[in-house]
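Chain A is the first sequence line, chain B the second, and so forth, proteins listed ahead of strands; every chain is numbered from 1.
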2 protein chains.
Amino acid sequence: MADRIRWKREKVYIAVVAAIVPRTWSNDPVRKPTSDRTSAGRATIHDVARLAEVSTATVSRVLSGGKPVSPQVADRVRAAAQEVGYRPNPAAQTLLRGSSQTIGVVVPDLGNPYFAEILKGIAAEAAGDGHHTLVAGTEEDPEQEYRSAIELARWVDGLLLCAPRMSAPQLKEVAEASRRLVLINRVLRHPSVGAVVVDYHHGVRELCAHLASLGHERIVYLEGPSTAWSDQQRQRGFRAAGLPVTRVACGSSLRDGYAAVDEALTHEPTALIAFNDHVAVGVLSRLRELGITVPDDLSVVGVDDAPMSAHTDPGLTTYAVSTVELGRQAWQHFSPTASTATTHLSGELVVRGSTARPRRRRTVKPSR
Amino acid sequence: MADRIRWKREKVYIAVVAAIVPRTWSNDPVRKPTSDRTSAGRATIHDVARLAEVSTATVSRVLSGGKPVSPQVADRVRAAAQEVGYRPNPAAQTLLRGSSQTIGVVVPDLGNPYFAEILKGIAAEAAGDGHHTLVAGTEEDPEQEYRSAIELARWVDGLLLCAPRMSAPQLKEVAEASRRLVLINRVLRHPSVGAVVVDYHHGVRELCAHLASLGHERIVYLEGPSTAWSDQQRQRGFRAAGLPVTRVACGSSLRDGYAAVDEALTHEPTALIAFNDHVAVGVLSRLRELGITVPDDLSVVGVDDAPMSAHTDPGLTTYAVSTVELGRQAWQHFSPTASTATTHLSGELVVRGSTARPRRRRTVKPSR
DNA sequence: ATGAAAGCGCTAACAC
DNA sequence: GTGTTAGCGCTTTCAT
């Protein structure tokens, strides 16, 4: 049996986490007969009230706590609620309160472990303050991202967009549609939008300095999505670093990295900078297939310090920013008193085994 | 100016991830002053009705489509809706319909790329049928899982639990609390619960047969969480395979795999079976650190065929089940006509570079 | 301390 | 074809 990479398993999911349904604006008309418009036989507050022989108002008072109720009544109500297994209808609560105690998070790719980390981070923060977290993956499609965001905005008290790819005008629309909008790794000139961004400019300079100190001169950068702000920041960083860096179109996924290697090699680099660690994993895999040894033949670096980056072979040199801190800062921005200023987070270079001095000079670029 | 009515003809269905809040049953009392009980200044159907000089019922008719309305009125309404940026309040719709057009998905670990895949799979299926998907990560905590499930159950039309770790009684409670409950990789004797499970019994036998055919005799199995049904299935598979397999406590994460290697090695195995691919990645990493070559010194296999398993060094031999099929089947179970029988899915052995004949006999177990 | 009643935003039944 | 009305389940006045 062949030791093969089974690409067929990796076929593209068109609309993965968020998909558009070409439907009419509202869903199918309510199908239920009128008699059954109620919420699927679950106990309501009325059931509890009847059983405890009090008014619904009292039930509500008991269950929300902090209201003046006589202990006997309170006990009766709690017992009744327990008995019928009552739980309040969240839709009704939301409707009444005008708040769902929920924030929405949109990420370009749920399959990217780095985003999964960020997700956990802010979910934990939000949970600590009594909020749910809703997350949508957009499969790197800016249009889908826009629609997801607009839709989510109606549900949630606050919206967090991670590395949004949509256009600035669209982003402004989303800002208008949201109670509160916070961005990660994107800036937008808008009065009510907060943001926390990683200083990729710094990160790239660090990486370049590291590579330069090792003696690398021919460096290829595997570009991320062109609509990604963070990619633009990296590119600016390269210009500032003053190293000649050749750019090769790539993308943001493992597969993208795998696929971009061959073209990158035509430039005969001594070092490769991947858009992020996820991409870098794909790069390492392809290089291994080609029999190119890292770091002896070629150095590879990533950006992000994803959880697996310490576990690749060799370990990945990368630029690390704490996802915990990212989550914490993002959550701060949802506070009513938060400023809308942009928070800058810088990370640090993490040197692992994927970088070294160029061992042998590969043949010089073809004559030109 | 009124160019098109893009959003009115299509609804965006979002896949969402929800983290549940470890809180008391009710949230803090409404803080808003009475005057501001309304939904944060967003346009309501009344605003549209007023502007278009029609009744709210007519607005609703126009926007839901398929209802008899005169073209002129329809245009006026659409223009008005456009102008004020009206979007229906989802909470109100949900309350009225008694259905949120949403399913909930609970996974033990969002950081496990395999679950991310499953997630994408069922989200795509659900979206295709016009349903949102809510997902909660539980960090492998059964209690949190239970609370998330119970909480989510109130919101969603159907609940999907991936590899739930909670106890059977708790699971039954969740079943009672849900409109519809579907399980992945867990079985529960309950009349209304559907399930789709991977035949790990078969998978493990395949893996064992493969290892046996290579000549392996001393095999260590790195156990998953003891509360995982799928782990129990694997263990049963080992017994059926008739190979002596030594069990070592491990877990389900990359780090768990990394940490369990040292103890596993004390048994001087020629092959290691990891609970899943995620664990196996950690294993490979630790083995590399220790200077143990895979597969020459030691063969390693995983289970799941996660996306990265083709990209490790060496590629991971594993047991593959299509996440797409898993998602599709799970979604089937939400259909009103679905049976509650358990669907069994079997996968296939995928042989990559991490398994080979034992190259050299390591020293025999110390005398005892 | 408790109950009655209003109403969150929306849609379906029932007039006309 | 369109308006009026009722009510989804809940919380909060405003009475008592």
Side-chain angles (χ1 to χ4, degrees), chain A residues 25-50 52-74 76-77 81 84 86-100 154-155, chain B residues 25-50 52-74 76-77 81 84 86-100 154-155:
Chain A
W25 163 79
S26 89
N27 302 309
D28 7 28
V30 172
R31 289 166 292 219
K32 309 176 170 197
T34 318
S35 60
D36 182 31
R37 281 251 297 287
T38 173
S39 172
R42 243 186 275 9
T44 74
I45 197 169
H46 290 102
D47 301 325
V48 179
R50 209 171 303 127
E53 296 179 313
V54 293
S55 71
T56 61
T58 299
V59 175
S60 178
R61 278 190 275 257
V62 171
L63 265 27
S64 14
K67 307 273 175 27
V69 200
S70 80
Q72 303 93 321
V73 172
R76 246 181 26 236
V77 167
V84 299
Y86 170 70
R87 296 196 144 251
N89 180 325
Q93 290 183 316
T94 299
L95 181 56
L96 192 59
R97 292 202 176 104
S99 144
S100 55
R154 280 301 262 150
W155 267 107
Chain B
W25 160 81
S26 87
N27 300 310
D28 9 28
V30 172
R31 290 166 292 220
K32 308 179 168 195
T34 318
S35 61
D36 183 30
R37 281 251 296 286
T38 173
S39 172
R42 240 182 280 9
T44 74
I45 198 169
H46 289 103
D47 301 326
V48 179
R50 208 171 305 127
E53 297 179 315
V54 294
S55 73
T56 60
T58 299
V59 175
S60 178
R61 278 190 275 258
V62 171
L63 265 27
S64 0
K67 307 273 175 28
V69 201
S70 79
Q72 304 92 321
V73 172
R76 241 175 37 230
V77 168
V84 300
Y86 170 71
R87 295 195 145 252
N89 181 326
Q93 290 182 316
T94 298
L95 181 56
L96 190 60
R97 292 204 176 101
S99 144
S100 55
R154 280 303 262 149
W155 266 109

Visitor: A:Val54 side chain: which of D:dT11, D:dC8, C:dG3 is closest?
Guide: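 The listed nucleotide nearest to A:Val54's side chain is C:dG3.
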Visitor: Give the nucleotide from the list C:dC10, D:dT12, D:dC8 with an atom nearest to the side chain of A:Arg154.
Guide: C:dC10
Visitor: Do any N or O atoms from the side chain of A:Arg61 and from the backbone of A:Val69 form a donor-acceptor pair under 3.5 angstrom?
Guide: no
Visitor: Nearest of D:dC10, C:dC10, D:dT2 to any side-chain atom of A:Pro88?
Guide: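 Out of D:dC10, C:dC10, D:dT2, the nucleotide with an atom closest to A:Pro88's side chain is D:dC10.
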Visitor: How do B:Ala92 and B:Thr56 order along DNA chain D: which one's closest nucleotide is nearer the 5' end?
Guide: B:Thr56
Visitor: Among D:dC10, D:dT2, C:dA1, which is the nearest nucleotide to the side chain of B:Val73?
Guide: D:dT2
Visitor: Any side-chain N or O of A:Thr58 below 4.0 angstrom from OP1/OP2 of C:dA1?
Guide: no
Visitor: In terms of the nearest nucleotide of DNA chain C, which residue is placed more toward the 5' end: A:Ala57 or B:His46?
Guide: A:Ala57
Visitor: Name the closest nucleotide to the A:Ile45 side chain, picking from D:dG3, D:dT11, C:dC10.
Guide: D:dT11
Visitor: Should B:Gln93 be listed as having a side-chain N or O under 4.0 Å from OP1 or OP2 of C:dT11?
Guide: yes
Visitor: Protein-nucleotides 14-16 of chain D N/O pairs closer than 3.5 Å?
Guide:
none

Visitor: Taking the minimum atom-to-atom distance to the side chain of A:Leu96, which one of C:dG3, D:dT2, D:dC10 wins?
Guide: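 Shortest atom-to-atom distance from the side chain points to D:dC10.
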Visitor: If the cut-off is 4.0 Å, is A:Lys67 near the phosphate of D:dT12, judged by side-chain N/O to OP1 or OP2?
Guide: yes
Visitor: Quick check against the 3.5 Å criterion: does A:Ser100 have a side-chain atom that pairs as donor or acceptor with the backbone of A:Trp155?
Guide: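 Checked: pair present.
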Visitor: Please state whether the phosphate of D:dT2, meaning OP1 or OP2, lies under 4.0 angstrom from any side-chain nitrogen or oxygen of B:Ser70.
Guide: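 Checking B:Ser70 against D:dT2: at least one side-chain N or O falls below 4.0 Å of OP1 or OP2.
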Visitor: Axis-to-axis angle across the helix from C:dA1-D:dT16 to C:dC16-D:dG1, five pairs an end, to 10 degrees?
Guide: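 Taking five pairs per end, the axes differ by 50°.
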